[in-house]
Amino acid sequence: MFSAADHEHMAQALRLAEKGLYTTTPNPRVGCVIVRDGKVVGSGWHERAGESHAEIHALTQAGELAQGATVYVTLEPCSHHGRTPPCAEALIKAGVGRVVVAMVDPNPQVAGEGLAQLQQAGIQTDIGLLEKEAHNLNIGFVSRMTCGRPWLRLKIAASLDGKTALNNGVSQWITGADARRDVHRLRARSCAVLTGIGTALADDPSLNVRDVETPRQPLRIVVDSTLKMLPTAKMLTAGETLVVTASGDQAKAGRLREAGAEVLVLPPLDGRVDLARMLDELGKRGINEITVEAGCGLNGALVRQGLVDEFVIYFAPLLLGDRARGMFDLPELIEMGERRELRIADVAMVGRDLRIRALPVN
């Protein structure tokens, strides 16, 4: 169905889409290439919300050469009026002859309607070329559109014996500089970085992007059930921070707000922040991807509740011993059938450290 040239041009469109990796949120990352008589006559990508979509950039570059051309786009052209006019309408108006789409838009406002409009206009449409690659590029957007929640990526730095800190809490630095730089790439692509109050008090982290060039900083989120967060915390002076709590203590919340934080109060679940409810609320705010950088308590709670979509674990070539702190606070298993199975999706060396990316089997 798809030729070698089709694959080549869609791969180019995906590379263009990736240029928006750090900028498009809450919109998806989309690239577009327009080809006529075997030659690329227009290309573009969506950079940030409120600005022109990839197809519009490519059509502008192509001009009259778009007539009868083949368009390669990584996500179905939109069919509705949002901040910008619908791209399906623009393609029809330009008189393109064929549109090749990597994946259907999971947004219920589109979800096949853009393709239907193109087909009704007599334009040939072909769907599914490099679909997996396009899906992975927008995993957070897909999650929010289909599940109402962000994609939750749990990052851990550990020794080979699975320890994340000494028993006294010291953890800097387990992994090397290359791995830490790689973590900043995860932060940069994320809409938010999530941590727990234990980590916030013990380490006073900034949780911002420093080692990667990016035009924006992710939202910092602290899960703080009883409002122990200090108004003097570094992250309150280094950008936008959201403190999620189950506490109704207005005085504590007021001090944090005066220090620059937003405080979100949710109904408690067993006296703690309802983590599932929190993710639903963050989805409503347009949060696509979250990277978690927390201790074993919050890590374990997220795993127990089945809220983790992806594990990214950096193993350093060192041993910290049995008394050091582990990765997850999980209950003891009595039977092997109770184990939580993961599927390893990727293994790579990052400097001296081993990075494993794994997904829950279910």
Side-chain angles (χ1 to χ4, degrees), residues 151-190 192-214 218 220-223 233-235 238 289-304 307-333 336 338-361:
W151 179 265
L152 195 76
R153 179 185 299 110
L154 184 56
K155 166 264 167 183
I156 298 175
S159 60
L160 282 183
D161 53 348
K163 305 301 181 180
T164 61
L166 300 180
N167 193 39
N168 61 10
V170 174
S171 62
Q172 295 181 338
W173 297 103
I174 290 178
T175 53
D178 291 330
R180 297 198 296 272
R181 190 175 301 110
D182 199 54
V183 170
H184 280 266
R185 294 188 185 96
L186 293 182
R187 290 182 185 179
R189 70 170 290 166
S190 300
V193 179
L194 175 71
T195 194
I197 185 58
T199 300
L201 292 176
D203 298 342
D204 194 19
S206 298
L207 291 184
N208 56 0
V209 180
R210 297 184 297 277
D211 291 347
V212 176
E213 186 176 345
T214 176
R220 275 75 55 80
I221 305 173
V222 182
V223 178
K234 285 181 183 177
M235 68 178 74
E289 295 182 28
I290 296 176
T291 293
V292 180
E293 298 187 36
C296 64
L298 181 55
N299 288 350
L302 291 167
V303 171
R304 288 196 301 274
L307 300 175
V308 180
D309 298 301
E310 177 184 4
F311 296 83
V312 180
I313 305 177
Y314 298 84
F315 285 105
L318 49 87
L319 304 174
L320 296 182
D322 287 345
R323 293 186 180 275
R325 299 183 183 183
M327 294 189 282
F328 307 101
D329 181 7
L330 294 172
E332 179 184 1
L333 303 184
M336 288 298 287
E338 299 173 334
R339 65 193 177 192
R340 294 172 171 85
E341 294 191 23
L342 305 177
R343 175 178 63 84
I344 295 179
D346 180 69
V347 178
M349 292 301 300
V350 182
R352 66 167 195 178
D353 303 310
L354 178 68
R355 183 188 67 201
I356 296 179
R357 189 171 67 87
L359 309 175
V361 169

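Quick note: residue numbers are just sequence positions, from 1.
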- Item | Any donor-acceptor N/O pair, Arg355 side chain to Val350 backbone, under 3.5 Å | no
- Nearest-0.5 Å distance that lies between atom CG in Leu302 and atom CG in Leu307: 6.0 Å
- Rounded to the nearest 0.5 angstrom, the OG1-CD distance for Thr291 and Glu310 is 8.0 Å
- Query: What's the shortest heavy-atom distance between Ala179 and Asp353, and which atoms?
  - Reply: CB-OD2, 3.4 Å
- Minimal heavy-atom distance between Leu298 and Val223, with the atoms involved, is CD2-CG2, 4.2 Å
- Task: Give a yes or no on whether Leu333 atom CG has more than 12 heavy-atom contacts from other residues, nucleotides or ligands under 6.0 Å away.
- Result: yes
- Item | Rounded distance (nearest 0.5 Å) linking atom CG of Asn299 with atom CG of Leu330 | 9.0 Å
- Note on the structure: Residues passing the side chain to side chain contact (heavy atoms under 4.5 Å, CB included) test with Ala192, sequence neighbours excluded, are Leu219, Ile221, Ile287, Ile290
- Measure the spacing between OH of Tyr314 and CG of Leu354 and express it to the nearest 0.5 Å. 11.0 Å
- Note on the structure: Smallest heavy-atom separation, Leu154 atom then Phe328 atom, equals CD2-CE2, 3.6 Å
- Message: With a 4.5 Å cut-off on side-chain heavy atoms, are Val183 and Thr175 touching?
- Response: no
- Query: Sequence neighbours excluded, which residues qualify as side chain to side chain contact (heavy atoms under 4.5 Å, CB included) partners of Arg185?
  - Reply: Tyr22, Arg181, Asp182, Val212
- Step-by-step salt bridge (Lys or Arg N to Asp or Glu O under 4.0 Å) determination, Arg343 to Glu341: CA-CA 7 Å; Arg343 175 178 63 84; Glu341 294 191 23; over 6 Å; no
- Task: Check Asp211 against His184 and note the closest heavy-atom contact, atom names and distance.
- Result: N-ND1, 3.6 Å
- What is the minimum heavy-atom distance between Gly326 and Thr164, and which atoms define it? O-OG1, 3.1 Å
- Message: According to side chain to side chain contact (heavy atoms under 4.5 Å, CB included), who are the partners of Asn168, at least two apart in sequence or on a separate chain?
- Response: Leu166, Val170
- What heavy-atom pair brings Ala324 and Ala165 nearest, and what distance separates the two atoms? CB-O, 3.2 Å
- Residues forming a side chain to side chain contact (heavy atoms under 4.5 Å, CB included) with Glu213, sequence neighbours excluded: none
- Query: OG/Ser159 to CE/Met327 distance, rounded to the nearest 0.5 angstrom?
  - Reply: 8.0 Å
- Message: When you measure from the side chain of Asp178 to the backbone of Arg352, do you find a donor-acceptor pair of N or O atoms at a distance under 3.5 Å?
- Response: no
- Message: Could you work out, with side-chain hydrogen bond (donor to acceptor under 3.5 Å, both in side chains) as the rule, every residue matching Asp329, not counting sequence neighbours?
- Response: none
- Message: Nearest 0.5 Å, please: how far is CG in Leu359 from CG in Leu342?
- Response: 8.5 Å
- Donor-acceptor contact below 3.5 Å, side chain Thr195 vs main chain Glu293: yes
Check residues 199-209 and write down every donor-acceptor pair under 3.5 Å in which the side-chain atom is one partner and the other belongs to a residue at least two apart or another chain.
from: Thr199; atom 1: OG1; to: Gly295; atom 2: N; distance (Å): 3.3
from: Asp204; atom 1: OD1; to: Lys234; atom 2: N; distance (Å): 2.9
from: Asn208; atom 1: OD1; to: Arg210; atom 2: NH1; distance (Å): 2.7

